[in-house]
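First up is the structure itself, then whatever we jot down about it.
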Amino acid sequence: MNSPIMIACAHGTSSTQGAAEVNALRAAIAGLRPGLDVREAYVDVQQPDLVDVVAGLPEGEAAVVVPLLLSVGYHVKVDIARAVKSRPGSAAAAPLGPDPRLAALLDQRLREAGVTDNDVVVLAAAGSSNPNAAVSVEELLGQLRALRSNRIVAAYGASAQPSVPDAVAMLREELEGGAGAGESAGAVDVGGRVVIASYLLAPGFFHDQLAKAGADVVTEPLLPSPVLAEIALDRYDAAVAKAREAAAHAPAETAAQAPQTAPAEPPANAQEGGLFKVVRRFVTKYFPR
């Protein structure tokens with residue numbers, strides 16, 4: 001049985017290294033799932049554009065768009081949602097984050113950077129005008145706090161507050177015992193450093209800006225790591241299962257909504273036609289049990 005096509009959709013970047021890391025992620029996904037058709041798409045900067053990729057899918061083929069993004073935001077709620085809506089038989093998976101495995105990966109990056117318990121940490125996300133993105137980051141923040149004793153605050157590169165430079169300045173003032181220290185600074189040991197934990201997928205514009213934010217240390221982005229490919233496949237599988245369940249319930253729901261004053265029951269062979277036959281064929285081909 002053929003599996004739905006996976007459209008692994010990233011934001012897009014002008015960074016050669018960042019683009020290479022994302023392409024390597026797609027290759028890792030394909031390597032973990034031999035035979036799965038994994039396609040490239042972007043919502044900004046790079047080509048091919050997601051809308052064009054969805055429009056160019058083979059006739060009758062199902063597809064799942066997996067956002068290679070770390071939180072729910074405009075690109076997920078608007079760009080990806082519109083592309084999926086334009087193509088019957090397609091579905092959208094959840095973004096990669098939040099996920100406890102990403103928190104563990106951030107913890108690994110902090111350890112690789114030599115971060116100690118005395119340091120304070122800014123969890124730096126790209127940011128979005130969609131408030132749901134901040135909710136996702138806050139959830140990830142809680143998961144990271146469960147792994148580390150450091151004081152950790154979330155900040156954003158754009159479209160949300162506080163900004164990364166503002167968060168760095170606030171934590172530095174706390175370390176120095178300044179007026180902005182407040183009660184929350186009680187758990188911070190004077191002499192520590194301000195560290196930015198890069199909650200970004202790959203090198204690019206936003207990661208470059210982190211080096212200008214005034215911190216003592218900036219960790220590497222999340223890629224490369226096999227964890228991202230595993231999460232992407234989990235998101236794909238969850239979307240396929242959801243679509244299979246919805247398709248399996250479609251005949252029953254359609255029948256339940258039919259008028260009770262319908263004419264006499266049609267012949268048995270007629271019952272196999274129309275919507276029922278289409279749904280059964282779709283379920284059997286693309287979402288086998």
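None of the values given here were measured: they were computed from a predicted structure. Throughout, residue positions are numbered sequentially from 1 according to the sequence presented.
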Applying side-chain contact (heavy atoms from CB on, under 4.5 Å), run through Asp107 and Arg111 and close with a yes or a no. CA-CA 6 Å; Asp107 178 50; Arg111 286 186 280 108; 3.3 Å; yes

Can Leu144 and Tyr199 be said to form a side-chain contact (heavy atoms from CB on, under 4.5 Å), step by step?
CA-CA 11 Å; Leu144 182 59; Tyr199 187 43; over 6 Å; no

Item to check | Chi angles and distances behind the side-chain contact (heavy atoms from CB on, under 4.5 Å) call for Leu106, Leu123 | outcome: CA-CA 9 Å; Leu106 281 166; Leu123 176 64; 3.7 Å; yes

Check: Would Gln161 and Asp166 count as a side-chain contact (heavy atoms from CB on, under 4.5 Å) if you check the C-alpha gap in whole Å, the side-chain angles of each, and the deciding distance to 0.1 Å?
Finding: CA-CA 9 Å; Gln161 295 297 324; Asp166 286 349; 4.2 Å; yes

Please determine whether salt bridge (Lys or Arg N to Asp or Glu O under 4.0 Å) holds for the pair Arg101 and Asp234, giving the CA-CA distance in whole Å, both sets of side-chain angles, and the decisive distance to 0.1 Å. CA-CA 12 Å; Arg101 290 168 288 185; Asp234 286 348; 2.8 Å; yes

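Ala133 is linked by a side-chain contact (heavy atoms from CB on, under 4.5 Å) to Ser71, Ser128, counting only residues two or more places apart in sequence or in another chain. For Asp52, the side-chain contact (heavy atoms from CB on, under 4.5 Å) partners are Gln47, Asp49, not counting sequence neighbours.
Cluster annotation: Val135 and Leu70 are assigned to distinct hydrophobic clusters (Ile/Leu/Val/Met/Phe/Trp/Tyr, side-chain heavy-atom contacts under 4.5 Å, transitive). Cluster annotation: Val72 is not connected to Leu140 through the hydrophobic network of ILVMFWY side chains, with a link wherever side-chain heavy atoms come within less than 4.5 Å. When hydrophobic clusters are built by joining Ile, Leu, Val, Met, Phe, Trp and Tyr residues whose side-chain heavy atoms come closer than 4.5 Å, directly or via intermediates, Val137 is grouped together with Leu110. Hydrophobic clustering (ILVMFWY, side-chain heavy atoms < 4.5 Å, transitive): Val38 and Val53 are in distinct clusters. Linking ILVMFWY residues whenever their side-chain heavy atoms come closer than 4.5 Å, directly or via other members, places Leu32 and Leu36 in the same cluster.
Side chains of Glu176 and Glu173 form no contact here, defined as non-hydrogen atoms less than 4.5 Å apart. Between Tyr42 and Pro48, the closest side-chain pair of non-hydrogen atoms falls below 4.5 Å. Counting only heavy atoms from C-beta outward, the side chains of Arg33 and Ile29 never approach each other to under 4.5 Å. Val164 has its side chain out of reach of Tyr156: every pair of non-hydrogen atoms, C-beta onward, lies at least 4.5 Å apart. Counting only heavy atoms from C-beta outward, the side chains of Val195 and Val122 never approach each other to under 4.5 Å. Side chains of Asp44 and His11 form a contact here, defined as non-hydrogen atoms less than 4.5 Å apart. In this structure, the side chains of Leu57 and Ile7 come closer than 4.5 Å at one or more pairs of heavy atoms. Side-chain atoms of Val240 and Val64, non-hydrogen and from C-beta on, do get closer than 4.5 Å to each other.
Considering every non-hydrogen atom in both Ala124 and Leu210, the closest pair reads CB-CD2, 3.8 Å. Contact record, Ala167 with Pro162: CB-CG, 4.5 Å, taken as the closest heavy-atom pair. The shortest non-hydrogen separation linking Ala126 to Leu200 is N-CD2, 3.7 Å. For the pair Arg148 and Ile152, the tightest heavy-atom approach, listed with the atom from each and the gap, is CB-CD1, 4.4 Å. Closest approach of Arg87 and Gly60 over heavy atoms only: NH2-N, 3.8 Å. A pairwise comparison of heavy atoms in Ala10 and Val22 identifies CB-CG1, 3.8 Å as the closest pair.
To the nearest 0.5 angstrom, Leu69 atom CG is 7.0 Å from His75 atom NE2. For the atom pair Thr13 OG1 and Phe205 CZ, the distance stands at 10.5 Å (nearest 0.5 Å). Within the model, atoms SG of Cys9 and CD1 of Ile80 stand 4.5 Å from one another, a figure rounded to the nearest 0.5 Å. For the atom pair Glu40 CD and Leu50 CG, the distance stands at 11.5 Å (nearest 0.5 Å). Atom CD1 of Ile196 is separated from atom NE2 of His207 by 9.5 Å, given to the nearest 0.5 angstrom. Between atom CG of residue Leu96 and atom CG of residue Leu201 there is a gap of 6.5 Å, rounded to the nearest 0.5 Å.
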Can you give me every donor-acceptor pair (side chain of residues 215-233, partner residue at least two apart or in another chain, under 3.5 Å) with its distance?
{"unit_1": "Asp216", "atom_1": "OD1", "unit_2": "Arg172", "atom_2": "NH2", "d": "3.4"}
{"unit_1": "Asp216", "atom_1": "OD2", "unit_2": "Arg172", "atom_2": "NH1", "d": "3.4"}
{"unit_1": "Asp216", "atom_1": "OD2", "unit_2": "Arg172", "atom_2": "NH2", "d": "3.3"}
{"unit_1": "Asp216", "atom_1": "OD2", "unit_2": "Val194", "atom_2": "N", "d": "2.9"}
{"unit_1": "Thr219", "atom_1": "OG1", "unit_2": "Ser198", "atom_2": "N", "d": "2.9"}
{"unit_1": "Ser225", "atom_1": "OG", "unit_2": "Val227", "atom_2": "N", "d": "3.2"}

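A donor-acceptor pair under 3.5 Å is absent between the side-chain atoms of Asp37 and the main chain of Ile5, judged by distance alone. In this structure, Arg235 contributes its side chain and Val66 its backbone to no donor-acceptor pair below 3.5 Å.
Looking at Glu112 and Arg109, a side-chain N of the basic residue comes within less than 4.0 Å of a carboxylate O on the acidic one, giving a salt bridge.
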